[in-house]
Amino acid sequence: PTALANFFLQQWNDQWSSVLSIQQQILRRAKGLLDGQRKELDYLLRSLSTLCFGLLHRQRSALLAHDQMLKNVAHNCIAHAREDLRRQKEQLNTLPMRIVQDRRKDLDALAKIVDAYSPQRTLERGYSITRLAGKAVFDPASLAKGEEITTTLAKGVVKSVVK
């Protein structure tokens with residue numbers, strides 16, 4: 001086992017030396033490439049600065065023109081918004097009255113329905129309510145001879161005795 005471990009360690013050390021050598025080569029090549037790229041970047045940076053200065057000048061002029069246009073648009077939007085607010089204010093001033101009027105109409109319609117189905121209206125259509133001891137009678141079979149009943153009509157009350 002010791003010989004096998006020594007063999008693996010030797011293999012590892014050989015591979016590690018190879019990796020370190022390749023690493024050094026990569027570093028030298030990378031440094032050379034980086035130096036070349038730095039020079040190219042310096043040139044591009046100078047060119048870019050010149051181009052950017054010109055572009056900024058043109059864009060500044062365009063922005064000033066857009067600024068004036070936006071001011072005009074904003075002024076128009078504000079004027080329209082003020083007009084809309086004025087109209088909405090007028091509507092808000094009249095809205096509560098309209099709601100009250102609508103609710104009054106609804107209540108009047110409900111009052112008519114309630115009135116149409118009131119017990120008095122039913123009596124006025126010719127019906128009557130017969131009671132025994134204050135309770136309505138629904139079945140004549142529930143009455144016994146001699147009991148006193150009260151019949152309510154549209155225009156008065158009649159007391160009767162069951163025969």
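The residues of the chain are indexed from 1 along the displayed sequence. None of these values were measured; they are calculated from a predicted model.
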> Do Q10 and D14 meet the criterion of a side-chain donor-acceptor pair at a distance under 3.5 Å?
Replying inline: yes
> Is there side-chain contact between R103 and D106, with heavy atoms separated by less than 4.5 Å?
Replying inline: yes
> How far apart are the closest heavy atoms of R131 and V137, and which atoms are they?
Replying inline: C-CG2, 4.0 Å
>> Are there over 12 heavy-atom neighbours, none belonging to R60, within less than 6.0 Å of that residue's CZ?
In response: no
>> Regarding R87 and E90, does a basic nitrogen lie under 4.0 Å from an acidic carboxylate oxygen?
In response: no
>> How close do K163 and K145 get, counting heavy atoms only, and between which atoms?
In response: C-CG, 3.6 Å
> Is it true that K39 and D35 have a side-chain N and a carboxylate O under 4.0 angstrom from each other?
Replying inline: no
> Can a salt bridge be assigned to the pair K112 and D115 using a cut-off of 4.0 Å between side-chain N and carboxylate O?
Replying inline: no
> Is the CZ atom of R82 crowded by more than 12 outside heavy atoms at less than 6.0 Å?
Replying inline: no
> Looking at CG of N6 and CG of N13, how far apart are the two atoms once the value is rounded to the nearest 0.5 Å?
Replying inline: 10.5 Å
>> Can you confirm whether I26 sits close enough to R29 that some side-chain heavy atom of one is under 4.5 Å from a side-chain heavy atom of the other?
In response: no
> At what distance, to the nearest 0.5 angstrom, does CZ of F138 lie from OG1 of T130?
Replying inline: 10.5 Å
> Going hydrophobic residue to hydrophobic residue with side-chain gaps under 4.5 angstrom, can you get from L132 over to V161?
Replying inline: no
> Do K31 and L27 touch side chain to side chain, with heavy atoms closer than 4.5 Å?
Replying inline: no
> Can you find a pair of side-chain heavy atoms, one from L41 and one from L45, that are under 4.5 Å apart?
Replying inline: no
> Has M97 got more than 12 heavy atoms of other residues, nucleotides or ligands less than 6.0 Å from its CE?
Replying inline: no
>> So which atom in V162 and which in A144 form the shortest heavy-atom distance, rounded to 0.1 Å?
In response: CB-O, 3.4 Å
> Roughly how far apart are R86 CZ and D84 CG, rounded to 0.5 Å?
Replying inline: 9.5 Å
> Is it true that a side-chain atom of H57 and a backbone atom of F53 form a donor plus acceptor pair closer than 3.5 Å?
Replying inline: no
> Are any of the side-chain heavy atoms of T122 and R125 separated by less than 4.5 Å?
Replying inline: yes
> Is there a chain of hydrophobic side chains (I, L, V, M, F, W, Y, each step under 4.5 Å between heavy atoms) that links L20 to W12?
Replying inline: yes
